[in-house]
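The structure appears below as structure tokens.
Residue numbering restarts at 1 for every chain, and letters A, B, ... go by the order of the sequence lines.
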Protein chains: 2
Amino acid sequence: MTTLNRRIRDYLEEKILSGAWPPGHRIPFEHELMARFDCSRMTVNKAIAALVEAGLVVRRRRGGSFVAEPRVHAPVLAVPDIRAEVEARGRRYGLKLLARQRRAADPRSEGEAQLARGGDLIAIDCLHLADDRPFALEERLIGLVAVPDAADADFAKVPPGTWLLDAVAWTEAEHRIAAVNADSRQAALLDIPLHTACLSIERRTWRGEMDVTHVRQIYPGSDYDLVARFTPKS
Amino acid sequence: MTTLNRRIRDYLEEKILSGAWPPGHRIPFEHELMARFDCSRMTVNKAIAALVEAGLVVRRRRGGSFVAEPRVHAPVLAVPDIRAEVEARGRRYGLKLLARQRRAADPRSEGEAQLARGGDLIAIDCLHLADDRPFALEERLIGLVAVPDAADADFAKVPPGTWLLDAVAWTEAEHRIAAVNADSRQAALLDIPLHTACLSIERRTWRGEMDVTHVRQIYPGSDYDLVARFTPKS
DNA sequence: TAGTGGTCTAGACCACGGT
DNA sequence: CCGTGGTCTAGACCACTAA
């Protein structure tokens, strides 16, 4: 048994996340929702207040309540699952595998040697799409000694990050976050102007002492930001 | 004029954050708070619901409401102290105060009003230098209600972030990290080419429910990156 | 100035879970 | 069992602001 205020909230949320009500669209007045759901104003108010708290709705006295401009950001504390992030925003996720290769580590790269541990690497280039538009570019290396199953995974269907989150229990990760100007290849693939500021997120993930994967993701700066919320060192 | 439910919430929050009521302590029943604040149960309920949402309180039917066990947060990103960072790299730190102003909050800005809490703000623009070269640009607002001492601090000598870390025991912070192309003012102040990709770090810092400071820092992308190292959700 | 949301009241019935 | 919180009602007054 879901509560009534929850059903009202779900109703509104579906309209917003599905895109049926775009940003700036006025949502029904409280008295209209009272009539539609045959309930008191307090109940409607509680439902909308939760959406305001979630950042989906903004309210103005006399003006009404409106679908908020989307805040696009993700917690930096978590290892991001891009597919889940895109879908959480009500957009359709898509994946385009640009290249996939099994190869030996480049001996000149200390990082690759450490990841390979004497075995081969899987190298993946892919493009993440949201509503069929480029969302992020990803270059990834996976160590086959640490993750032998990666040799058989179909990364044209499941994004490598999502697959790895399921397949590997990681114990530690390190992010390096920087701003870069898009080069010509990145600009073309992401369909943005040359030199647009982009977030570059490099991540190394370990399981115990063993390197699991290195990844670099490029996000257009206008579409994406990272949010980290935390408390003082304990 | 603060609302009644807000005063009830502040009363409970003070007891919890001050440690007067330790984790596991039973907070007053709703009917007791109704009597103490001479209000209806809905109002008490709204106040406690906000504390549940904030993770400070857990509620059990028949048992009552209790101060929550503190959430385990892995220390992730530290609140950066730019002076310490520069000096840790063996470079000489310098500070250039560009503007400092005491003013009222802009009523059109929800964020400023929340920070001001009815009082004035200190607005600071400054430039951080490393070896006499520009390192980062900072725009900061400090709420004088939360931090009255900021009215007398000498931010031409001590960087505001460093001063605040000493002066205020913060309880929560949120970072928003994005990539931006430098505009003409930023490029001139930082002595970089126009449109260089920069990291924009916006941070809001709280002490309990009280906003302490908002700050936006701009770092040239080539000079700086952020590193976050952590373990899985705890 | 009229209509919106912001807040609050004084009740109500119910579900859950210690005693 | 019975007291707690969970949810809801049908009003109310007020502040703000867009028309």
Taking side chain to side chain contact (heavy atoms under 4.5 Å, CB included) as the test, write out the residues that go with B:A50, two or more places apart. B:R9
Closest contact, heavy atoms only, A:N5 versus A:A47: O-CB, 3.3 Å
From CZ of B:F29 across to P of D:dC2 the rounded distance in Å is 17 Å
Whole Å only: how far is the NE2 atom of B:H31 from the C1' atom of D:dT4? 8 Å
Under-4.0 Å side-chain N/O to phosphate OP1/OP2 contact, A:T43 with D:dT7: no
Could you name each residue pair satisfying side-chain hydrogen bond (donor to acceptor under 3.5 Å, both in side chains) that touches residues 54-65 of chain A, not counting sequence neighbours? A:E30-A:R59, A:R59-A:S65
Nearest whole Å is fine: how far is C:dG6 P from A:L51 CG? 13 Å
Look at B:R103 together with B:E112 and state whether they make a salt bridge at an N to O cut-off of under 4.0 Å. yes
Tell me the interatomic distance from A:L33, atom CG, to D:dT9, atom P, rounded to whole angstroms. 13 Å
Once salt bridge (charged side-chain N to carboxylate O under 4.0 Å, His left out) is applied, what residue pairs with a partner in residues 14-27 of chain A remain, sequence neighbours excluded? A:R26-A:E32
Could you list all the side-chain hydrogen bond (donor to acceptor under 3.5 Å, both in side chains) pairs where at least one residue sits in residues 146-157 of chain B, not counting sequence neighbours? none
Under 4.5 Å between any side-chain heavy atoms of A:C39 and A:I8, yes or no? yes
Selection: residues 5-16 of chain B, any non-hydrogen atom under 4.0 Å of DNA chain C: B:N5
Which word best sums up how the rings of A:H128 and A:Y93 line up, parallel for under 30°, tilted for 30 to 60°, or perpendicular for over 60°? tilted
To the nearest Å, how far apart are B:K46 NZ and C:dT9 P? 11 Å
Rounded to whole Å, the CZ-P distance (A:R59 to C:dG3) equals 18 Å
Take atom CD1 of B:I48 and atom C1' of D:dT7, then tell me their distance rounded to the nearest Å. 15 Å
Whole angstroms only, please: what is the CG-P distance between A:D38 and D:dC8? 13 Å
Side chain B:D183, main chain B:R185, donor-acceptor under 3.5 Å: yes
Of A:S40 and B:I27, the one whose closest nucleotide on DNA chain D sits nearer the 5' end is B:I27
Looking at A:S65, I'd like to know whether one of its side-chain N or O atoms comes within less than 4.0 Å of OP1 or OP2 on C:dG5. yes
Using nucleotides 11-19 of chain C, report all nitrogen or oxygen pairs with the protein that are shorter than 3.5 Å.
residue : atom : partner : partner atom : Å
C:dA12  : N6   : B:R41   : NH1          : 3.1

